[in-house]
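The structure under discussion appears below in the form of structure tokens.
Each chain gets a letter, A, B and so on, in the order its sequence line appears, and its residues count up from 1.
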Amino acid sequence: MNSLSQLSRRYLKKQWKRTLFTSLGIVMATALFTGLALLFTSFINMYIETESEETGRWHYHVSGLTMDQARQLQANIRIDESELIASSSQMAKLDGRSSLHDEPSWLLLRDVNEMGSGLTPYPMTLLEGRMPENTSEIALNVASLTFFPDLKLNQTVELALQDVQSTETGSIQTKTYTVTGITEWTDTYLPGPVFYALTVLDEADKNLAEVYLTVKASTDFETSLIAALSDVIPALSEAQSDSDRDSLIQGMKYTAFEKDSVWANLSTIRVGTHDPLLRFLGQSSYGETNQGLIRFFALLAGIIMVSVIFVIRNSFAMSVSERTTEYGLLRVVGGSPSQIRRLVLQDAVQMALIGIPMGLLAGVVAMKITLGYVSGLGLPEVMHLKLIVSSWPLIVAAVLSLLSIMLAALSPALKAGKLSPMEAVRRTGVYTVRGKSSRKLVKHKQTYRKLLGITGFLAGRSIHRDRRRFRITTLSIIVSAVLFLAAGGISFQFSKQLLHYSTEKTDFRLTVAAERPGFASEDLALIDQLLGDEEMASQRVQYGQFAQPLLHDPSVFSTQLIEFMKKTSTINGQPLTDEQALDMIADQTMHVQILLADRPFLDSLGLPDVDELWAQMQKGKVILSQTNALSASNLSFQTIPFTRLTKGDTIHLDHIREYDQQTGSPIDRPGLPVEYGIAEELTQPPWFLEGFFSGGGSIVLIADRQYLMPFFDDHPEISQATIVEEKLAVDAAEGSEPAVYKLLEPFTHERNPGVSGSIRISNYYEEMQNARGVVQMLNIFVFGFAAVIVLICIMNILNTITTNVLLRRRELAMLQAVGMSRTQVRRMLLMECTLYGVNGAVWGSVIGTVLLFLLGRSIEGTLGNMTLQAMPWLLILCTLAGALLIAILAGIWPIRRVMKDEIVEAIRAQE
Amino acid sequence: MIDIRNLVKTYGKTDAAVHALRGVDLQVASGEFVAIIGPSGSGKSTLLHLIGGVDRPTSGSIVVEDQELTQLSEKQLSLYRRRRIGFVFQYYNLVPVLTVEENIALPLMLDGLEPDKIWFEELLTRLNLQDKRTSLPNQLSGGQQQRTAMARALIHRPALVLADEPTGNLDSQNGREIMALLRDTVRRVGQTLLLITHDANIAAQADRIMVIEDGRIRPMQLASNLVRT
């Protein structure tokens, strides 16, 4: 073995160029694997960080404990961090509007001194004022302010407290608190409609305890938790079976609302699992590990592995064919087949030893740079994306590389072992025609000659002399072309999708939720006035808006929409009937947006005969604007009308729709008794319309605000249930968007989201910027990976073409000896490269395009609308040109090298 | 036909220089058949390569059909090789991807010409290659390959045929056949034939035998006389 490895080392040194190429391939492959593994861990880390920040770092939430139990649990050896929430069983029932819940809402008094480390979901922030310092002070959650209209700081509130622990209603105690602060705290995860309020509790009042905790690192978090709980709750340790245990601690997913009463939730011992976080820690109790992510990365790793094995195998195959005589000689002097095999594998091991460490380093450095750049884009989506270098990604990458290399070297090694000594020694070094290629070759008659002259003819013959080698060379080009095309197509599609909002001209939209139309619109008018003739915010329009559902009405939806639905959807793999398509459309209930317009609004639409139209609108007529549905037929974006409605039609919208907040099911209630007669139809949606790019399309009716007002006034129950928003859309001048945002921002106060009177700002400009950033990031990753694989393939092409040329030195010399000029030789070789390129490029483009279609199909629905909307001609053209260029460039070096050969030297070399 | 004066060819420089030819003078008349013999490394092949225009001399002059080869450009040299010379190598040197027909027609194809049909057929018949027209070199025996190479050297009726041990790689039966074919064809067309060989029997068929030794050439008078008598 020692002498073998010496022999191997000597050969690698002698053939240093090929060794360098192959090693470079190995370095890049390892770097790719490393990059991928690091990206995976970094992404997982990002998800964990993001999830922790958004919903807390806790793993489990145990409720229904006594204070003693809770404190014991906190002190348990298996528990790492924990936070105790001590609450009083005296809860305040809240009066006031709550149309969405049949159950009453409650205020749960939490002890401020038991506030912990921010382990809990939705860390609390103090918006105004200060924290309570004694038992008669309270800090209210901003979300509960709806129940305390017009409340100011330092005012007192009277709470009707009742002990929910005692049976029935119990005695009600009234207690007065001074409001010292307003906190922001999303209590979504609390069971039932309950809001936290912070106060100082007497020790005697602390009779409800919950603990948010993390368990210490272990292989199975859940087992640790149950063990810890068993220490605290004797009944649990006595439980014999899983079902006994389950009846004692009920697992619950934190994503679902529970319908039990508040008390039932708080008094029973329950364990909540922070599944979104645990999933990324590999500790999900529901088996839903991050399979999607793993599958995606595994797919990428698979692609890399296949390309890498293919390239490296090729390189070894070349070296074996070059060393055939040497192996033959070794066999003649007594080398065994297994020794020859080991010789080839030795080469592989030696190159792996050099290539893998370098690749690991290169991968880490490349990822560091890439992620550094990506985080520089400042995208909120990947705020927590940073490079995490740990040992296992590096080990995985090294193992994958080594595995690829050894697999790649295996078949050339086996082949070398099988060489018969005679065959090997007899070879005269002529790069001859391979057996099976002969018949096909002769058929290649004269087409090339007529088309491309004698050099083209010879080139055409030459490339087909060895079908396997031809396939290897073209396949490298095909793989490159396919990858480039797929990467380009994916990125193109994503950008198109993400950046489609760019057709929306609105940069900012200020929205005020109003209880009835017209309410609070003055604020917006004021802002509008303040902006005045500011050139930066050149286009502005103010309007009111509310929505009503367009219920199941077959006569309204357009046939095109029904056809589109049938084309794009299936039920259990079966095509839809008209009826089903209609049901599906109705299910996705499209809302009709009704815009409340004033005269300046109408003027801004730039319609002819505005006076006449306005007169009609004052009598209740409306303007229809259909933002179209998107159709993917004919491989292009196509907008199709959403309904059959047109000028002259009348539409009744006699319902309003609400959704039950607990079950999510729709509740339909009677709507305004208005008949909307369509006086005009807009061909283009106006610039400020929301959701222009909504795949399903929508209908907008523009009505006179003053005409609709009385209907709201006459039906207070409807006007209370209908959310009317007043909006001011602003289109800022190019480049001055940040300045305009600065002007608008102070007017908005999001203190009371969803509460009337507060102005909300939608920053579409920033969304667009973010979308561009995301596209850029996607491009970096998609093209980055594709580029490295393409680079590996280029090396393969270079390797193959070089060998193809260099193996034929004698043949080329002889062609010159019988009178072929150097120019002709050069032209012939370049032509060969071109033919390789054309072959690979054409096949690559065809396969790549098909793959792109299939890829689009397969991820349609899961990753959004990814259907290839149009033939990416430019991309295909680039791919074609690129592949051709690569093939020709790959030929330049070997051609220059053989052109330096003296004819006589090459001839003599064999004689 | 050929007029070589004081031809010197040295490979390498100074200390390591190999003097392949040290002032060779040789005149060959048109239509003459000259055999060149000599031990390995004596410079036979070098001389042939220089006359064939695949190599350039260090000094001296080579005039073939009134053309001074040393003054030809690379391009002119390839035209010279293509049109004036027919080369037959010991190792056949056929283009592996071309059929027998195409290999034979190669020198003409390089000029964009088609071979003279009658002559082409005659060559195929004489060399007994009619059945092998569409075969590739790897489907031929050694003798058939050499016959193809010969046909390629003769197809454009070059004035000068250079053969470098054409029978060196063949068994004696095949060798004799090839030689007879070569000699006959050359005679018939009136071509000049310059042949390198180790085989005294083959050399004996020549009009004149030259011996190269240590880079110097001299006629092999005695041997020639012996054979003739």
Contacting region of L110(B) [heavy-atom separation from chain A under 4.5 Å]: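 Interface part for L110(B): both.
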
Which portion of R83(B) sits near chain A, non-hydrogen atoms under 4.5 angstrom: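 Neither part; nothing is under 4.5 Å.
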
Any non-hydrogen side-chain atom of [X] less than 4.5 Å from a side-chain atom of [Y]?
X       : Y       : value
M814(A) : V95(B)  : yes
P96(B)  : R808(A) : no
Q824(A) : R82(B)  : yes
I903(A) : R81(B)  : yes

Closest non-hydrogen atom pair, T99(B) against R461(A):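 Closest pair (atom of T99(B), atom of R461(A), distance): N-NH1, 4.1 Å.
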
For F89(B) against A817(A), the heavy-atom pair lying closest together: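 It is CZ-CB, 3.8 Å.
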
Gap separating the OG atom of S821(A) from the CG atom of D111(B), nearest 0.5 angstrom: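 Reported to 0.5 Å precision, the distance equals 10.0 Å.
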
Spacing of CD belonging to E74(B) relative to CD belonging to Q816(A), to within rounding of 0.5 Å: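 Separation between the atoms: 7.5 Å.
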
D171(B) CG: over 12 foreign heavy atoms closer than 6.0 Å: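 Enclosed.
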
Atom CZ of R896(A) with >12 non-hydrogen neighbours under 6.0 angstrom: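 It does not: R896(A) CZ has 12 such atoms or fewer within range.
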
Interface residue of largest heavy-atom contact number with chain A, from K75(B), R152(B), R84(B), under 4.5 Å: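 Winner by heavy-atom pair count: R152(B).
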
